[in-house]
Amino acid sequence: MTPSRSSPPTRSAQDASPALRPLSTFASSAGCACKIPQFDLSAILSKLPAASDPNLLVGHAESDDAAVYRIPGGHAVVQTIDFFTPVVDDPRLFGRIAATNALSDVYAMRGRPVLALAVAAFPMKVLPAEMLQEILRGGAEKVVEAGAVVGGGHSIDHDIPLYGLSVTGVVEESRITRNKGARPGDALVLTKPLGIGVIATAAKNDQDRLKAMPEAIRLMATLNRDACDAMLEVGAHAATDVTGFGLLGHLRNVCAASGVSARIAFKDVPVLEAARTYVREGIAPGGTHANWRFLNDWVTYGPSVGKEEQLLLCDAQTSGGLLIALSAADAPRLVAALERRGTPCAAIVGDIVEGPPRIEVG
Ligand code: CO
Ligand code: CO
């Protein structure tokens, strides 16, 4: 199913444990689908005291992708942390995907990543140490590609493997794109197709008969740097990356923070073809169903949008693309800038309208 089963990280590792347990079987849900559901998380965080430092420009109040802290000279530090369980069996690919996903939160805020620290948990008694090395190697490769550096990290011996990064970025204070800031009249632009969660779940269950996983892996390991650069070139009012809460979940956060409503046209949303097929056959991660249930209070679906389409819009993406709100007049220029850079997709998927934080899908 995945490269690691036919080509383990090292010969000696395979010889030592002929029945090496595939990485992706250690956790019941993988990648961003293992996030704590938004509903539970909001309840937990709401009981915590609000941060009060005036230099904390972005804290957890609006469910933003990263914290932003003002430093002297008109700049700010963007700080984020993201880690999860293996979404593929190949350790190096897992490292690449997890690092790409962690770096994404800095790009969503229009920051430039500069420094990363690795966070890892690994079952040292069950799996060969070389495998952890490969995970870290894959992650470091992506950090280098992003123009940043790994400065160290922290690891623990633990029965379920986890990997990710805490990433520090820098951003000009005036250019921060957060959830807040979307305005009526804005267009919504998406830079990677949906369906990654559905396909990863199919692969995990050995049901990926359309062999869609390599394409999903390519997407998950594609940095959102080009999308960020295009935003820097054209401008944007708000942005977020589409990960565990799905397109609609992250859009809901944008609407709530910005005090606006949104409309999504399902026919304009790029979706991986195999994901459409699999979701019709009942394949979707638990996180996607949790998103769908949570979002029922926030989303109105038109009569042409069936349950399968709804699930795809709620699909928990691992390392998904950016969702960008910018004035409709500028949107074609952003699409052109994205296409010039070759982002996985560049699609206007809906718009922002006045109203309470709700989403209408037609
Ligand atoms: Co994010
Ligand atoms: Co994140």
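Ligands are counted one by one from 1 in listed order, and the atoms in each one are counted from 1 as well.
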Under 4.0 Å between a Lys/Arg side-chain N and an Asp/Glu carboxylate O for Arg178 and Asp64? no
Would you name the N/O/S atom of Asp241 that lies closest to the Co ion (ligand 1)? OD1
Classify the ring geometry between Tyr163 and Phe94 as parallel (under 30°), tilted (30 to 60°) or perpendicular (over 60°). perpendicular
With respect to the Co ion (ligand 1), please indicate if Asp105 possesses an N, O or S atom at a distance under 2.8 Å. yes
I'd like to know: is the Co ion (ligand 1) within the 2.8 Å range of an N/O/S atom from Asp65, strictly under that distance? yes
Can Arg276 and Glu308 be counted as an ion pair, charged N to O under 4.0 angstrom? no
Within a reach of under 6.0 Å around CZ of Arg341, are more than 12 heavy atoms found that belong to other residues, nucleotides or ligands? yes
